[in-house]
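Step one of this worksheet: look at the structure below.
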Number of protein chains: 2
Amino acid sequence: MTKALNVIQTLPLVSQLRSHCSSCNLRELCMPVEISSNDMQRINSLTQLKRGYARGDYLYRSGDPFHSLYAIRSGSFKTQVLHEDGREQVTGFQMTGEIIGMDAISTDVHTCDAVAMESSEVCALPFDQLETMSRELPSLQRHLHKIMSREIVRDQGIMLLLGSMRAEERLAAFLLNFSQRLAARGFSPTQFQLRMSRQEIGSYLGLKLETVSRAFSHFQDEGLISVKVRSIEILDMTRLQTLLKSSS
Amino acid sequence: MTKALNVIQTLPLVSQLRSHCSSCNLRELCMPVEISSNDMQRINSLTQLKRGYARGDYLYRSGDPFHSLYAIRSGSFKTQVLHEDGREQVTGFQMTGEIIGMDAISTDVHTCDAVAMESSEVCALPFDQLETMSRELPSLQRHLHKIMSREIVRDQGIMLLLGSMRAEERLAAFLLNFSQRLAARGFSPTQFQLRMSRQEIGSYLGLKLETVSRAFSHFQDEGLISVKVRSIEILDMTRLQTLLKSSS
DNA sequence: GCGGAGGTTTGATATATGTCAAAATACGGG
DNA sequence: CCCGTATTTTGACATATATCAAACCTCCGC
């Protein structure tokens, strides 16, 4: 019983999105603008190149030559940068429906690693084709720009988080961000699975894993969330949000 | 004597770049690609809208509607985001020749403030015109994408800095970054003025001003740099770089 | 040149988070 | 189902940076 439920909760994005967007891999890329079905077809013709990845597989590595952006069709990835001295930092977690790979446009070489956090499928979007096509389809062009800009804004938010928030605020921000992104895709914003380890969360938030764990425990003690290792349930969304807005 | 020297050091960017780029405000935007002088002329026609700003003036504020990117023609700006609770964080320092305003493309509304750190001039680049024109000029399109991507990569570097570096490493990274950007524009990479306060540097680096000050002092004691409040001279570039590469 | 204000440096102390270590729990293969 | 391994939790302690406070510059207007 509980086991079956767990399985359902474990794969929410995968199954639902796969059916919902079967011929529309570019949900993220195309959703917010009006595109004629004719044009849409052209855009979708870009998405021929599908590939599957197992947990731990690299979608690309730092230093790889750039040719495509990737639309995540199912599963999820993390991106990380490696420091010369061996330290590595997670710079983002990408879920189904998001676009990944924009770091490489400026240099034609990827500047970070992208690693699958579970079995995942992506569509490669050859960037020169995207550029060519967006010259003819202003709405695609506009949207491409928006996606890139959104990435910039996202990064700014993380800078704020890393630069001026304390451990528990960071974790609250992290959870709420996850919650929002799930909600935006039609999933439960209060119950979800984390695909990444405490250590990865810590790396992303600029904290050590022990600190992350303690913060989780504390939130649970306070009745804000219920944690069972990687299963999260948000019990008091409002109070979690308050944590962010009031500085102390 | 010393006074005269100071003045010269104080305004290196302003005077030199102004003469060097008098009719080429879009150095940053156009430099790395081959553009015919005919096209170049068209692109420069975009740059009609020049405006001056005094120290402390806002180029734009968070919430302002978006219509233009800005090429900084002279002077320098800082960008900052404001948290609900009043905390604010500097997200970047932009110098002459750089492009600012890309945060707003995704939402059509600016998501941060941009404030002049000295008397500055900018060219407004109406974004819809940039888009239109880049549909016809692939090299401009490509370059626009590169600039946006560079912003993403830059942010990733700061995330690394904020997430996994210690105070002195952060300051070293900051100084070296400045040095590089100056060098890229033909200025002395070892002697320069900082336009921002210790508090602003601290905000950018996720540190308190006292910590920044102490780190400066320590670098000076170690013979790495010579600091005279806002005048910096890098004495031992190599050792400063080493600070970054060896985790300590 | 003087005086005041804002910015900077330096010192003493507090605190959040890191570090090290061990126990508890989850997970995967046989 | 059980065992071995990896992850997570919890605890005790160390430390980098924040905080608070005072003295010191520097710049600017008078």
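Letters A, B, ... mirror the listed sequences (proteins, then strands); counts begin at 1.
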Exercise. Among D:dT8, C:dT8, C:dT17, which is the nearest nucleotide to the side chain of A:Ala167?
Worked result: C:dT17

Problem set entry | Phosphate OP1/OP2 of D:dC27: any B:Arg230 side-chain N/O under 4.0 Å | no

For this session: Just call it for B:Arg170: base, sugar-phosphate, or nothing, with non-hydrogen atoms closer than 4.0 Å on any strand.
Result: nothing

Exercise. For A:Ile201 and D:dT7, what is the distance between atoms CD1 and P respectively, to the nearest whole Å?
Worked result: 13 Å

Exercise. Does one side chain, of A:Ser120 or A:Ser74, offer a donor that lies under 3.5 Å from an acceptor on the other?
Worked result: no

Problem set entry | Distance in angstrom units between B:Gln193 CD and D:dC27 C1', rounded | 14 Å

Exercise. When all nucleic acid strands are considered with a 4.0 Å heavy-atom cut-off, which category describes B:Ser213: base, sugar-phosphate, or nothing?
Worked result: base

Problem set entry | Derivation and outcome, salt bridge (charged side-chain N to carboxylate O under 4.0 Å, His left out), residues B:Glu200 and B:Lys78 | CA-CA 9 Å; B:Glu200 288 169 322; B:Lys78 65 171 176 179; 2.6 Å; yes

For this session: Compute the ring centroids of B:Phe192 and B:Phe187, then answer whether they are less than 6.0 Å apart.
Result: no

Exercise. NA contact type, A:Gly202, heavy-atom cut-off 4.0 Å: base, sugar-phosphate, or nothing?
Worked result: nothing

Exercise. Whole-Å distance between C:dT17 C1' and A:Arg166 CZ?
Worked result: 11 Å

For this session: Would you kindly give the CZ-to-P distance between A:Phe216 and D:dT8, to the nearest whole Å?
Result: 10 Å

For this session: Mind calculating the distance between CZ (A:Arg198) and C1' (C:dA26) to the nearest angstrom?
Result: 11 Å

Seminar exercise, completed: The answer to which of B:Met196 and B:Arg214 contacts DNA chain C further toward the 5' end, by nearest nucleotide, is B:Met196

Seminar exercise, completed: Testing C:dT17, D:dA16, C:dT8 for proximity to the side chain of A:Leu207, the answer is C:dT17

Exercise. To the nearest Å, how far apart are B:Leu171 CG and C:dT8 P?
Worked result: 13 Å

Problem set entry | Interatomic spacing from CD1 in B:Ile201 to CG in B:Leu175 - rounded to 0.5 Å | 7.5 Å

For this session: Mind checking A:Leu209 for me? I need base, sugar-phosphate or nothing, with any heavy atom below 4.0 Å counting as a touch.
Result: base

Exercise. Yes or no on salt bridge (charged side-chain N to carboxylate O under 4.0 Å, His left out) for A:Lys50 and A:Glu121, after CA distance, side-chain angles and deciding distance?
Worked result: CA-CA 7 Å; A:Lys50 299 194 188 74; A:Glu121 290 174 307; over 6 Å; no

Exercise. To the nearest angstrom, how far is A:Arg195 atom CZ from D:dT8 atom P?
Worked result: 14 Å

Exercise. Considering only C:dA26, C:dG7, D:dT17, which nucleotide approaches the side chain of B:Thr211 most closely?
Worked result: D:dT17

Exercise. Expressed in angstrom and rounded to an integer, what is the separation of B:Lys208 atom NZ from C:dA14 atom P?
Worked result: 19 Å

